[in-house]
Amino acid sequence: MNIEQHIVAATVNAVKELYHQDLPEAQVSLQDTRLEFEGQITIVVFPIVRYSKKSPEVTANELGEYLVAHIEEITAFNVIKGFLNLSIATHYWVDLFNSELLKPDFGKIAPNGRKVMVEYSSPNTNKPLHLGHVRNNLLGYSVSELLKANGAEVYKVNLVNDRGIHICKSMLAWQKWGNEETPESSGLKGDHLVGKYYVIFDKEYKKEIEALKLEGQTEDEAKKNAPLIKEAQAMLLAWEAGDEQVISLWKKMNNWVYAGFEIRYKNLGVDFDKFYYESNTYLLGKGTVEEGLEKGVFFKKPDGSVWIDLTADGLDQKLVLRADGTSVYITQDLGTAQMKYDDFKMDESIYVVGNEQDYHFKVLFLILDKLGKSWAKGLYHLSYGMVDLPSGKMKSREGTVVDADDLIAEMVATAKQKTEALGKVDHFSEEEKESLYYKIGMGALKYFLLKVEPKKRLLFDPAESIDFQGNTGPFIQYTHARIKSLLSKAGHKEGVEVDSKIELSGTEVEMIILLAKYPSEITLAAKAFSPASLANYIYEVAKMFNKFYHEIPPLVKEEDEQLKQHRLNLSWVTANILKSGMRILGIEVPERM
RNA sequence: GCAUCCAUAGCUCAGCUGGAUAGAGCAACGGUUUUCUAAACCGUAGGUCAUAGGUUCGAAUCCUAUUGGGUGUACCA
């Protein structure tokens, strides 16, 4: 039983003895004592005055007397308004530190047997990645790692959007204007090459539209009648019919893209347990539609199209199958959801997809629930906000995007320049330097994207490059490296407990309390699917260490062995938390920098 | 129109299931290095938590309305 549970139980007993009332445990509200007051743990007594029938001050004082008398570790109390601040004996914190935080498995949460699937990334094969996609990848990866850290068994999957009219557009443009250009001949990364032709298509298509408008067609007519779009549509039909030439072109170009993806995923440090390809799943879902018709969840209109009426749920009528019997987006997703469940039988399934699809997923989950799928309640759309530029939204076709590869290169270059300016790594080998610049650059980028709550839109200003100071990845990396250096210089011995009778400073007690929260912070962040919440905690830990480090005299010269060992222990635990916490965010921390 | 999300310091963001005087970073200003890494630390300044009501002993947090912004509302994906 930890001290908090002790206090809650004792408070319930106190109310029983003092006021002859049964106080529900949930009414005992504990919080950290604010720094300006004495004590470490505070009871908010307002909820208790209903039971004591006395003023908050009197109640707090009576409870304080009782707790000091009944809990050995409570040494003193003070009352400020309705707040009862409790001082806990230093030896309690040292004991806690020795017995829990110093253990090698501290921060490891036991497996809970839950299986969770996380789908993320889900790229198109016709355009290169921009910053918005980077957010998706980092978020998906780190949420997966977070859930793992919280004890779940996690499958990361990637549903590749490798077919459809948009892919045909790139293929067609390449066929017409590509002159057999390849990644090798052009020196372009595969996805960039394919993306280039997607842009060319759009440009030529727009020209045709303009020309048709001059001939007197309306915008809508021109869009439908332009020869290029008709050709692309014909190509899609040929693809669906299995036309050999089209398929082979499709394979060739997709393979270029996949080669590019591999490099990128490696650069980003993300991975997957399984890839699904839409070219294999796009026909799925028709069985589900049949099932829905049988169950009377769907209905058929006279033209043969199949619908669901969600007006009772505050939504609209939604088409689930076209009149010609072909699938729409949601048909596919119904089928894919079923397939994923059949594959993994997971308890929860997370879709990491931008917030422009909030409505789609609401409908999807509702339909699956209405179809009586027991697993539908485990579906969750992890919706995240757009990454905006100061000029507004990023649009791939208008070239107002921050290209992922460019940005990564830029971050690494900035890291190099900043590191060299500090002049601390001159004696590093070239390999170590390169690896360091990469870690720092990526650390800055990843932390920048992950520290913001997923739901919120994120503003990226290319003119003000991402910071390396303050609440940033490099700050945390630096703190870690600094601790590592300290530990080795001071000759730290791992896992050696110290006598609980040593004296601690206020900062040291605060630090133990903060460090002890690590497991519960993981759980909290995992429940909220929020790497941002963990990032915030890690930052607090790093900041706390720097404050501590600054306050204490140099440890290498410390003569009190117990004190020295304990301070090194504190540093060591801090470094471990920074490292494993950052790992959950997908960020590496260097041993020295 | 309807649905949905967002609004906190000049800028970028925290603020846990409602709890004390709303916190960080950046930018600005001042200070700290004969001592373990100054990518650090300490301090000053900066707020009508969009607005108005409501619930509550207590609201940035919950409810309602309003304003401003994003997104969605296709037999596109």
Side-chain angles (χ1 to χ4, degrees), chain A residues 26 29 31 33-34 36-37 42 44-47 49-50 56 80-83 85 124 161 163-166 278 282 301 303-307 314-316 318-324 326-330 332-333 354-360 362 383 385-386 388 392-393 415 418-419 421-422 424 440 444 448 451-453 455-461 464 467-479 481-490 520-521 524-525 527-528 532-533 535-536 539-540 542-543 545-558 568 571 592-593:
Chain A
S29 160
Q31 55 183 269
T33 302
R34 293 176 71 109
E36 60 265 41
F37 304 116
T42 293
V44 184
V45 301
F46 295 108
V49 301
R50 290 224 316 271
I80 313 278
K81 296 197 259 177
F83 298 88
N85 303 322
N124 279 341
N161 183 215
R163 52 140 248 128
I165 188 74
H166 48 293
E278 220 182 281
Y282 80 106
K301 286 195 176 174
D303 66 358
S305 57
V306 182
W307 296 73
L315 305 173
D316 304 313
K318 189 84 188 165
L319 176 95
V320 294
L321 195 70
R322 289 194 186 101
D324 62 7
T326 57
S327 297
V328 288
Y329 182 39
I330 202 151
Q332 258 180 70
D333 268 6
N355 63 9
E356 70 273 11
Q357 294 198 36
D358 284 355
Y359 183 73
H360 170 76
K362 209 179 208 179
S383 164
M386 315 256 136
D388 288 331
K393 215 184 147 180
K418 287 193 189 276
T419 307
L422 289 171
K424 296 182 193 174
I440 296 174
F448 176 81
K451 78 170 180 192
V452 178
E453 207 52 49
K455 192 163 69 169
K456 300 215 174 168
R457 67 184 263 279
L458 199 148
L459 188 78
F460 174 77
D461 188 346
E464 299 174 25
D467 256 307
F468 283 63
Q469 282 169 357
N471 188 359
T472 67
F475 167 74
I476 295 163
Q477 291 172 317
Y478 169 72
T479 305
R482 205 184 198 191
I483 296 172
K484 279 314 181 73
S485 157
L486 168 68
L487 293 176
S488 86
K489 282 191 180 153
S520 61
E521 289 289 337
L524 201 66
K527 284 189 172 157
S533 143
N536 226 23
Y539 173 61
E540 291 297 327
K543 215 166 39 155
F545 175 82
N546 281 298
K547 181 182 170 189
F548 157 80
Y549 183 78
H550 226 265
E551 282 178 3
I552 57 170
L555 281 177
V556 284
K557 292 185 185 164
E558 179 60 58
L568 289 173
S571 308
R592 50 181 198 158
M593 69 186 267

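Chain letters run A, B, ... following the sequence lines, proteins first and then strands; every chain starts at 1.
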[N] to [M] separation - [atom1] atoms, rounded to the nearest Å:
N       : M       : atom1 : result
rG18(B) : rC63(B) : P     : 11 Å
rG23(B) : rU64(B) : C1'   : 29 Å
rA60(B) : rA50(B) : C1'   : 12 Å
rG31(B) : rC36(B) : C1'   : 23 Å
rG58(B) : rC41(B) : P     : 40 Å
rU61(B) : rC6(B)  : C1'   : 15 Å
rA7(B)  : rC13(B) : C1'   : 13 Å

Using a heavy-atom cut-off of under 4.0 Å over every strand shown, decide if [X] touches base, sugar-phosphate, or nothing.
X         : answer
Phe448(A) : nothing
Phe475(A) : sugar-phosphate
Met386(A) : nothing
Glu453(A) : sugar-phosphate
Val452(A) : sugar-phosphate
Asp388(A) : nothing
Ala528(A) : nothing
Gln477(A) : nothing
Pro56(A)  : nothing
Ala490(A) : nothing
Arg50(A)  : nothing
Ile552(A) : base
Leu459(A) : sugar-phosphate
Asp461(A) : nothing

I'd like to know if [X] reaches the base of [N] with its side chain, counting only an N/O donor and acceptor under 3.5 Å.
X         : N       : result
Thr42(A)  : rA20(B) : yes
Lys557(A) : rU35(B) : no
Thr479(A) : rA39(B) : no

Legend entry - Test of ring centre spacing under 6.0 Å for Phe548(A) and Phe545(A): yes

Inset, instruction - Run the ring-centre check on Tyr478(A) versus Phe468(A) and record whether the distance is less than 6.0 Å. - result: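 No, the ring of Tyr478(A) stays outside the 6.0 Å limit from the ring of Phe468(A), centre to centre.
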
Can you see if the side chain of [X] gets near the phosphate of [N] - specifically, an N or O under 4.0 Å from OP1 or OP2?
X         : N       : answer
Ser485(A) : rC36(B) : no
Lys81(A)  : rU21(B) : yes
Arg34(A)  : rG23(B) : yes
Lys484(A) : rC36(B) : no
Arg322(A) : rA77(B) : yes

When you measure from the side chain of [X], which nucleotide among [options] comes out closest?
X         : options                   : value
Phe37(A)  : rA39(B), rC75(B), rA20(B) : rA20(B)
Val44(A)  : rG19(B), rC42(B), rA24(B) : rG19(B)
Pro554(A) : rU37(B), rC16(B), rU35(B) : rU35(B)
Leu555(A) : rC36(B), rA39(B), rU37(B) : rC36(B)
Gln332(A) : rA77(B), rA39(B), rC36(B) : rA77(B)
Tyr329(A) : rA39(B), rA77(B), rU35(B) : rA77(B)
Glu356(A) : rU71(B), rU37(B), rU35(B) : rU71(B)
Leu486(A) : rC36(B), rC41(B), rA38(B) : rC36(B)

Inset, instruction - Please answer whether the main-chain N or O of Ser327(A) pairs with a side-chain N or O of Arg322(A) as donor and acceptor at a distance below 3.5 Å. - result: yes

Inset, instruction - Return the orientation label for the Phe46(A) and Phe83(A) ring planes: parallel under 30°, perpendicular over 60°, tilted otherwise. - result: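 Ring orientation, 0 to 90° scale: perpendicular.
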
Legend entry - Dot-bracket summary - RNA chain B, pairs being Watson-Crick or G-U whose distances fall under 3.5 Å, with | when paired to another strand: (((((((..((((.....[...)))).(((((.......))))).....(((((..]....))))))))))))....

Inset, instruction - Flag the pair Glu453(A) and Lys455(A) as a salt bridge only when some basic side-chain nitrogen lies within less than 4.0 angstrom of an acidic carboxylate oxygen. - result: no

Inset, instruction - State, yes or no, whether a side-chain contact exists between His166(A) and Asn161(A) at a heavy-atom distance under 4.5 Å. - result: yes

Which pairs, protein N/O on one side and nucleotides 3-6 of chain B N/O on the other, fall under 3.5 Å?
from   : atom 1 : to        : atom 2 : distance (Å)
rC6(B) : OP1    : Lys455(A) : NZ     : 2.5

Inset, instruction - Determine, answering yes or no, if Tyr549(A) is stacked on rA40(B) under the 5.5 Å centre rule and the 30° plane rule. - result: no

Inset, instruction - Using the six-membered ring for Trp and the full ring for Phe, Tyr or His, decide whether Phe46(A) stacks on the six-membered base ring of rG19(B) (centres under 5.5 Å, planes under 30°). - result: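 Yes, aromatic ring over the base.
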
Legend entry - Residue closer to the 5' end of RNA chain B, Phe83(A) versus Asp303(A) (nearest nucleotide):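 Taking each residue's closest nucleotide, the earlier one in sequence belongs to Phe83(A).
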
